[in-house]
Number of protein chains: 2
Amino acid sequence: MAHFPCAKEIDAKEVLKEKGLKSTPQRLAVLHVLHESTKYLSINNILDKTKEILPNTGLATIYRTLDVLADIGLISRVHFEDGCHTYAYSSDSHGHHIVCTKCNKIMDFAECPFEDYMENLSKRTGFKINNHFLQLFGECNECAGNAN
Amino acid sequence: MAHFPCAKEIDAKEVLKEKGLKSTPQRLAVLHVLHESTKYLSINNILDKTKEILPNTGLATIYRTLDVLADIGLISRVHFEDGCHTYAYSSDSHGHHIVCTKCNKIMDFAECPFEDYMENLSKRTGFKINNHFLQLFGECNECAGNAN
DNA sequence: CCTTAATTGAGAAACTTTCTCAATTATAAA
DNA sequence: TTTATAATTGAGAAAGTTTCTCAATTAAGG
């Protein structure tokens, strides 16, 4: 088993425990793989790299583990244009959406709060920012107003 | 064929033409369906509703049409947690990511420029905002610096 | 050590997306 | 108008992705 250079990887055991989840080699290995990588990894990339640590790891375990780790906040879900299962109408070509997680209502809004921020972030990261994806989740006034 | 109440739907013919794409009933119908809906629609929802207008529409056409419409900016891709094909390490539990579209490098950043904006938007939309998803796309300094 | 409930691997099953290709159709030019 | 042509479509097959099932294993607490 690889050693874990990062505080967060060590913490992982704590976090899992807090949530009543077991700290398995598979979970720690997947976390390690993601932490080591500076690049986008497909599910199969993650499987392959995890197998370098634990050769018997199965694909289903990768799916389950990614879900668990994302749910407890140790990793993040990343959106790619082609890993996207749904679409919505946009009244503006630079439209962002806000989605009600109770009734699935979607509302789009045109303004974008980013211009200044982009400049700043661009300088600090060295990235030339071309595009962004922003989406908000919440409860619409109907769902929030009524008890459920 | 349904009539199109919205300027954007009428414009669609223009936009398609500009891009050298044909203005087909299928494309206009899908756009209409998305425009009419205030809710998240799955691919099958979109197919069903489109078939109410054009009964012979095939599933492959829906996929192709959504791609085309999104590429030319008439609709937007929408992210859902379960319509997500990839994951990345986050050094902070509120981490956002910036992705290099040339080399796939991913960098995460913890700050989030939203707090004030949320408040404001919340008031105007009536949504109680619980969560958000932000991701930036661009070129990392290596890819942007070198000609390719 | 035991016990027990959670987790895993393997492959099957389900589901989603893309591809192929002949038929159709929107468009522009005659 | 009509015609020519290139883009688009529908249908189903193929490919790819994700989830499920279940017996075997294992982490963790007593």
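Residue numbers begin at 1 in each chain, while the letters A, B, ... track the order of the sequences. Both backbone and side-chain heavy atoms feed into the values below; hydrogens, waters and symmetry mates do not.
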Legend entry - Those residues of residues 61-69 of chain B lying under 4.0 Å from DNA chain C by at least one heavy atom: B:Tyr63, B:Arg64

Legend entry - Distance, rounded to the nearest Å, where A:Leu54 contributes CG and C:dA10 contributes P: 12 Å

Legend entry - Any B:Thr24 side-chain N or O less than 4.0 Å from OP1/OP2 of D:dT9: yes

Inset, instruction - Using a strict cut-off of less than 4.0 Å between a Lys/Arg side-chain nitrogen and an Asp/Glu carboxylate oxygen, indicate whether B:Lys17 and B:Asp11 qualify as a salt bridge. - result: no

Inset, instruction - Starting from P on D:dT17, measure out to CD1 on A:Ile46 and report it in whole angstrom. - result: 13 Å

Legend entry - Worked check of side chain to side chain contact (heavy atoms under 4.5 Å, CB included) between B:Ile43 and B:Leu66: CA-CA 9 Å; B:Ile43 293 287; B:Leu66 291 170; 3.5 Å; yes

Inset, instruction - Look at the side-chain N and O atoms of A:Gln26 and state whether any lies under 4.0 Å from the OP1 or OP2 oxygen of C:dG9. - result: yes

Inset, instruction - Could you please spell out the steps behind the side chain to side chain donor-acceptor pair (under 3.5 Å) verdict for A:His96 and A:His132? - result: CA-CA 10 Å; A:His96 294 305; A:His132 61 272; 3.3 Å; yes

Inset, instruction - Check the angle between the aromatic planes of B:His79 and A:Phe133 and answer parallel, tilted or perpendicular using the 30° and 60° thresholds. - result: perpendicular

Legend entry - Gap between atoms CG and C1', on A:Asn44 and D:dA15 respectively (whole Å): 13 Å

Legend entry - Length of the CG-C1' vector between A:Leu59 and D:dT17, whole Å: 8 Å

Legend entry - Which residue lies more 5' along DNA chain D, comparing B:Gly20 with B:Ala60 via nearest heavy atoms: B:Gly20

Legend entry - Whole-Å distance separating the CD atom of A:Glu18 from the P atom of D:dG29: 13 Å

Inset, instruction - Figure out the NZ/P separation between A:Lys22 and D:dG29, and round it to whole Å. - result: 10 Å

Legend entry - Rounded distance (Å) that lies between atom C1' of D:dT8 and atom CG of B:Leu21: 10 Å

Legend entry - CD on B:Gln135 to NE2 on B:His97, rounded to 0.5 Å: 7.5 Å

Legend entry - Atom pair distance, as rounded to whole Å: CD1 in B:Ile43 and C1' in C:dT17: 9 Å

Inset, instruction - Could you say whether B:Ser23 or A:Asn56 is positioned toward the 5' end of DNA chain C, judged by the nucleotide with the nearest heavy atom to each? - result: A:Asn56

